[in-house]
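Report on the structure given below.
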2 protein chains.
Amino acid sequence: MGLKDQSTEAKILNAAKEVFMKFGLYGARMQDIADLAGINKALLHYYFRNKEKLFNAVFESALEKYFQQVTVMGDTSMSVEERLFKYVDNVFDFFEEYPQMTMFIIKEVSINPELFKQKVSKLKENKPFVVPMLQQAIDNKEIAEMDPIVFIVNLHSMCAYPFLGAPLFRGMMKNNGYDWDQVKKEKIKDAVKEFISFKLNRKDV
Amino acid sequence: MGLKDQSTEAKILNAAKEVFMKFGLYGARMQDIADLAGINKALLHYYFRNKEKLFNAVFESALEKYFQQVTVMGDTSMSVEERLFKYVDNVFDFFEEYPQMTMFIIKEVSINPELFKQKVSKLKENKPFVVPMLQQAIDNKEIAEMDPIVFIVNLHSMCAYPFLGAPLFRGMMKNNGYDWDQVKKEKIKDAVKEFISFKLNRKDV
DNA sequence: ACAGAATTTAACCATTTGGTTAAACTATAA
DNA sequence: TTATAGTTTAACCAAATGGTTAAATTCTGT
């Protein structure tokens with residue numbers, strides 16, 4: 001590609017991201033993407049030969065961003081608890097910025113599981129995943145006994161679902177006089193951290 | 001409608017449910033629904049005049065089933081903890097049977113928030129929602145102090161996300177030699193119940 | 001048996017959709 | 001200036017898609 005053509009290609013990718021995330025591969029319309037990018041269809045096909053290629057570009061970028069931000073946990077100088085707190089902060093920041101991305105990835109992988117096999121393999125390789133860190137801390141008696149997989153899934157659930165289910169929660173709470181996005185921002189994260197402390201420090205097993 | 005024509009209409013609805021849940025309103029193809037139901041397009045339009053009407057039938061039925069099963073909690077003869085355990089059992093059963101339904105409802109409401117306003121109002125009216133029960137138990141000092149909304153959202157997150165994110169979890173765990181659906185079935189529910197006990201019984205606040 | 005309703009089908013139709021083409025415009029480097 | 005590569009557009013095209021029509025078949029009660 002050229003040098004200063006940042007603009008048009010970026011506009012296309014941003015528009016495509018928005019439309020694909022909302023409607024998925026089959027539901028998305030190339031015309032809508034072109035309109036949103038402020039160009040016409042032919043130019044769209046000039047940059048990305050077809051729908052599939054454009055979708056792949058969007059999906060890969062989404063997946064990369066997702067795994068990049070959702071596996072970061074601070075450095076080894078911190079305690080396990082601090083690192084998990086940091087992890088939660090990262091996950092929340094990510095969902096705040098890209099609330100639809102998780103849903104998008106899940107949906108598309110669910111429709112076409114091949115996507116996962118093809119795209120994720122290369123990403124996960126060199127990532128310091130959370131589970132080994134926990135297992136090591138457990139072995140060292142730094143933290144309480146637990147199943148690290150179950151724990152990390154619980155943790156991730158408590159972070160992710162408030163954003164995924166936001167359209168429902170918003171509707172349900174509005175009727176009861178609550179503002180869901182307010183509750184989410186102010187209270188959920190604290191509750192998650194409380195859960196972490198509980199699980200790491202409990203003495204009985 | 002007729003009397004014994006259960007069959008065709010039911011076949012259509014089942015097929016439509018499957019296709020709409022997978023691809024959403026815009027992504028779904030009427031031809032695919034007809035094929036899956038084993039009939040042709042014209043018959044499809046004979047039963048449901050158009051795509052929108054068919055979608056509404058599916059969506060309403062999904063929403064109804066969802067709220068029906070996800071608000072049931074056993075009777076008042078049980079303790080709060082028992083009722084919440086029962087609630088978790090119900091939620092798990094529901095997700096086991098209709099793993100895609102939550103995602104479907106969230107997605108469609110997210111695309112068209114009007115859907116929620118229109119369809120949910122009538123359903124939520126006469127349902128004994130979880131929050132008031134908790135608030136009352138807190139007031140009576142039966143259970144520990146807590147924010148019932150945050151609690152119920154945490155709880156629901158821990159139940160729902162393992163099913164919603166299953167396509168991702170499956171992929172990620174398979175590489176590490178775990179079987180996600182096994183883990184989910186055997187361990188997650190127990191962890192959720194443990195969480196309930198922790199929150200209800202803790203003395204420090 | 002038979003009239004009328006419900007059910008089913010094949011053949012169509014108009015619009016939408018993904019994609020192409022060829023021509024025009026713009027920057028740029030020699 | 002001018003040849004060249006990169007960029008943009010309007011006009012098209014074939015296939016897919018939602019939807020219709022009219023005729024044929026099956027079911028129903030009388």
Side-chain angles (χ1 to χ4, degrees), chain A residues 1-62 104 107-108 111-112 114-115 118, chain B residues 1-62 104 107-108 111-112 114-115 118:
Chain A
M1 309 292 151
L3 288 159
K4 64 187 232 275
D5 56 335
Q6 186 86 358
S7 175
T8 298
E9 193 174 337
K11 272 192 298 182
I12 291 177
L13 277 173
N14 286 334
K17 198 180 294 181
E18 195 171 326
V19 175
F20 276 128
M21 292 224 202
K22 199 162 179 184
F23 298 105
L25 171 55
Y26 296 103
R29 299 289 122 95
M30 294 296 269
Q31 187 63 61
D32 291 349
I33 295 173
D35 290 350
L36 194 62
I39 57 170
N40 72 10
K41 247 182 353 176
L43 186 54
L44 196 63
H45 285 82
Y46 172 75
Y47 277 88
F48 298 88
R49 198 170 315 292
N50 56 38
K51 195 182 187 183
E52 198 194 343
K53 286 210 167 52
L54 179 55
F55 175 83
N56 272 333
V58 168
F59 185 80
E60 272 172 33
S61 135
F104 170 65
K107 253 280 148 186
E108 297 304 322
I111 289 173
N112 175 14
E114 287 303 310
L115 272 181
Q118 289 164 12
Chain B
M1 308 293 151
L3 287 159
K4 66 185 233 277
D5 55 336
Q6 186 87 355
S7 177
T8 298
E9 193 175 337
K11 274 192 297 182
I12 292 177
L13 278 173
N14 286 335
K17 198 181 293 183
E18 195 171 327
V19 175
F20 277 128
M21 292 223 198
K22 198 162 180 182
F23 299 104
L25 172 56
Y26 296 103
R29 299 288 122 94
M30 294 297 267
Q31 187 63 63
D32 291 348
I33 295 173
D35 290 350
L36 194 62
I39 57 169
N40 71 12
K41 247 184 352 178
L43 186 54
L44 196 63
H45 284 82
Y46 172 76
Y47 277 90
F48 299 87
R49 198 168 314 292
N50 55 39
K51 195 182 188 183
E52 198 194 343
K53 286 211 168 51
L54 179 54
F55 175 83
N56 273 332
V58 169
F59 185 79
E60 272 172 34
S61 136
F104 170 65
K107 253 280 148 187
E108 298 302 323
I111 288 173
N112 176 13
E114 287 304 310
L115 272 181
Q118 289 165 12

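All values derive from a computational prediction rather than experimental measurement.
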Heavy-atom distance under 4.5 Å between the side chains of [X] and [Y], does that happen here?
X	Y	value
B/Leu13	B/Phe48	yes
A/Val58	A/Val19	no
A/Phe59	A/Asn112	no
A/Phe20	A/Glu108	no

Touch class at under 4.0 angstrom, heavy-atom based, for A/Asn50 against every strand present: sugar-phosphate
Sugar-phosphate only, base, or nothing, as touched by A/Ala28 at under 4.0 Å among non-hydrogen atoms: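 Result for A/Ala28 = sugar-phosphate.
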5′-ward residue of the pair B/Leu44/A/Arg49 relative to DNA chain C: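 Nearest-nucleotide comparison on DNA chain C picks B/Leu44.
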A/Asp32 or A/Ala42, whichever maps to the more 5' nucleotide of DNA chain C: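 Nearest nucleotide further toward 5': that of A/Asp32.
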Shortest side-chain distance from B/Lys51, nucleotide among C/dT9, D/dG18, D/dT7: D/dG18
Side chain of B/Asn40 - closest among C/dT8, C/dG18, C/dT9: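 From the listed options, C/dT9 comes nearest.
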Rounded to the nearest Å, what distance is computed from the [atom1] atom of residue [X] to the [atom2] atom of nucleotide [N]?
X	N	atom1	atom2	result
B/Leu43	D/dA23	CG	P	19 Å
B/Ile39	C/dA10	CD1	P	12 Å
A/Tyr47	D/dT9	OH	C1'	13 Å
A/His45	D/dC12	NE2	C1'	14 Å
B/Asp35	D/dT17	CG	C1'	13 Å
B/Glu9	C/dA6	CD	P	13 Å
B/Met30	D/dG18	CE	P	7 Å
B/Ile33	D/dG19	CD1	C1'	14 Å

Inter- and intrachain pairs under salt bridge (charged side-chain N to carboxylate O under 4.0 Å, His left out), touching residues 47-60 of chain A, at least two apart: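 Qualifying pairs, neighbours excluded: A/Glu60-A/Lys119.
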Result block: side-chain N/O donor-acceptor pairs under 3.5 angstrom for residues 27-41 of chain A, not counting sequence neighbours:
| unit_1 | atom_1 | unit_2 | atom_2 | d |
| --- | --- | --- | --- | --- |
| A/Arg29 | NH2 | A/Tyr26 | O | 3.1 |
| A/Arg29 | NH2 | B/Tyr26 | O | 3.4 |
| A/Gln31 | NE2 | A/Asp35 | OD1 | 3.0 |
| A/Asn40 | OD1 | A/Ala42 | N | 3.4 |
| A/Asn40 | OD1 | A/Leu43 | N | 3.2 |

Residues forming a side-chain contact (heavy atoms from CB on, under 4.5 Å) with A/Asn14, sequence neighbours excluded: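 Only A/Lys17 meet the side-chain contact (heavy atoms from CB on, under 4.5 Å) criterion with A/Asn14.
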Just the atom pairs and distances: protein N or O near nucleotides 13-15 of chain C's N or O, under 3.5 Å.
none

Phosphate OP1/OP2 of C/dT21 contacted by A/Tyr46 side-chain N/O (<4.0 Å):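 So the side chain of A/Tyr46 is outside the cut-off, no N or O lying under 4.0 Å from OP1 or OP2 of C/dT21.
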side-chain N/O B/Thr8 vs C/dT7 OP1/OP2, d < 4.0 Å: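 Result: no.
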